[in-house]
Amino acid sequence: MEAIPRTLLRDRAYEAIRDAIVAGDIAPGAVVKDAELAERLGLSRAPVRDAFSRLVDEGLLESKPQSYTRVTPVVAADVRDAAAVVGAMHELVTRAALPRLLAEHIGAMRESNARFAAAVRDGDVSAALRADDELHDVLVRVSGNGAAAATVARYTPLIRRLERRRFGEGGNCRSAGLHDELIDACAVGDVDEAVRVTAEIWRGLEDLADLDT
């Protein structure tokens, strides 16, 4: 049996720890230890340490050498900044993707939005955010802009932490109606309208951060 490449182990550790932080399973302020998480994930400490380094760089962990590594607090200003950056990237990829969209892409976006709306009705925040990501990822992928995709992947988790907390306190997920407007604009190739709706969607997340100040 071939050994699993270290890069795959590192990515597995990163994704598992990132998702636990975003979901709140590892709470803000919690101290994390590589040995404990390595045992929980069934990995060696090396890929977990690599994941820690990446998560520190992305703002989900903070570390004091020879002292601690812990989950960062949810800071509204950081979320607002991240939402502004991610929103700008989504506007960029929407503009680039529209001329390349096929019927199958529009269909995939509609299916994702149906799952999103159903999850919102059921109060399933995890499923709603997953469907939301899937919908917008269609445009990210079709745009072919790797730099924008990397930026979105880096900063979206900071936003998701606040979204989850707000929804858990009784807040509302973003409207499936806005998604419908975006998809309809994409379906007819209306670039300006699609970008306008995209900006409105992500501006709502900046407003969500303002409510947390």
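Following chains of ILVMFWY side-chain contacts shorter than 4.5 Å, one can reach Val71 starting from Val56, so the two form part of one hydrophobic cluster. Note: the hydrophobic cluster containing Val22 does not contain Ile17 (ILVMFWY, side chain heavy atoms under 4.5 Å, direct or indirect links).
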#### Entry: Test log, rule side-chain contact (heavy atoms from CB on, under 4.5 Å), inputs His179 and Ile201
CA-CA 8 Å; His179 287 160; Ile201 289 170; 4.0 Å; yes
### Query
Between Glu193 and Leu182, is a side-chain contact (heavy atoms from CB on, under 4.5 Å) present by the stated rule, with each step listed?
CA-CA 8 Å; Glu193 176 65 4; Leu182 171 61; over 6 Å; no
### Stepwise side-chain contact (heavy atoms from CB on, under 4.5 Å) test for Met109 and Ser112
CA-CA 5 Å; Met109 293 172 72; Ser112 294; 5.7 Å; no
### Task
Check step by step if salt bridge (Lys or Arg N to Asp or Glu O under 4.0 Å) holds for Arg18 and Glu58.
CA-CA 10 Å; Arg18 178 202 62 196; Glu58 295 180 358; over 6 Å; no
### Message
Apply side-chain contact (heavy atoms from CB on, under 4.5 Å) to residues Phe52 and Leu61 and explain how you reach the verdict.
### Response
CA-CA 7 Å; Phe52 279 7; Leu61 292 178; 3.8 Å; yes
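Ser143 places a side-chain N or O within 3.5 Å of a backbone atom of Val140 that can act as its donor or acceptor partner. Of the possible donor and acceptor atoms, one in the side chain of Arg154 sits under 3.5 Å from a partner among the backbone N and O of Asp57. Between the side chain of Arg12 and the backbone N or O of Leu41, at least one donor-acceptor pair lies under 3.5 Å. Under a 3.5 Å cut-off, the side chain of Asn145 and the backbone N or O of Ala147 do form a donor-acceptor pair. Distance alone, capped at 3.5 Å, is enough to place a donor-acceptor pair between the Arg161 side chain and the Pro73 backbone.
Within a 6.0 Å sphere centred on CD of Glu39, heavy atoms belonging to other residues, nucleotides or ligands number 12 at most.
Under 4.0 Å is where a charged nitrogen must lie from a carboxylate oxygen, and between Asp132 and Arg160 at least one such pair does. Salt bridge Asp11/Arg54: present, at least one basic N to carboxylate O contact under 4.0 Å. A salt bridge links Asp184 with Arg110: at least one charged nitrogen is closer than 4.0 Å to a carboxylate oxygen. Under 4.0 Å is where a charged nitrogen must lie from a carboxylate oxygen, and between Glu181 and Arg196 at least one such pair does. The pair Arg40-Glu36 does not count as a salt bridge, with every side-chain nitrogen at least 4.0 angstrom from each carboxylate oxygen. Between Glu91 and Arg95, none of the side-chain N atoms (NZ, or NE/NH1/NH2) sits under 4.0 Å from a carboxylate O, so this pair counts as no salt bridge.
Closest of all the heavy-atom pairs between Arg100 and Val142 is NH1-O, 3.3 Å. Here the shortest heavy-atom pairing between Ile26 and Ala30 reads CG2-CB, 4.0 Å. In terms of heavy atoms, Cys186 sits closest to Ala194 at SG-CB, 4.3 Å. Across Arg164 and Val125, no two heavy atoms sit closer than the pair CG-CG1, 4.1 Å. Nearest heavy-atom pair, Val197 versus Leu178, reported as atom, atom and distance to 0.1 Å: CG1-O, 3.4 Å. Pairing each heavy atom of Ala128 with each of Ala119, the nearest pair is N-CB, 3.4 Å.
At a threshold of 4.5 Å between non-hydrogen side-chain atoms, the residues Leu101 and Leu98 count as touching.
Interatomic distance, Leu135 CG to Arg130 CZ, rounded to the nearest 0.5 Å: 14.0 Å. Residue Asp34 holds its CG atom at 8.0 Å from OG1 of Thr69, rounded to the nearest 0.5 Å. Atoms CG and OG1, on Asp137 and Thr156 in that order, are 8.0 Å from each other to the nearest 0.5 Å.
In this structure, Arg70 is positioned above the aromatic face of Tyr68, its NZ or CZ under 6.0 Å from the six-membered ring centre and within 45° of the axis.
Note on ring orientation: taking the six-membered ring where Trp is involved, the planes of Trp202 and His90 are parallel (angle under 30°, cut-offs 30° and 60°).
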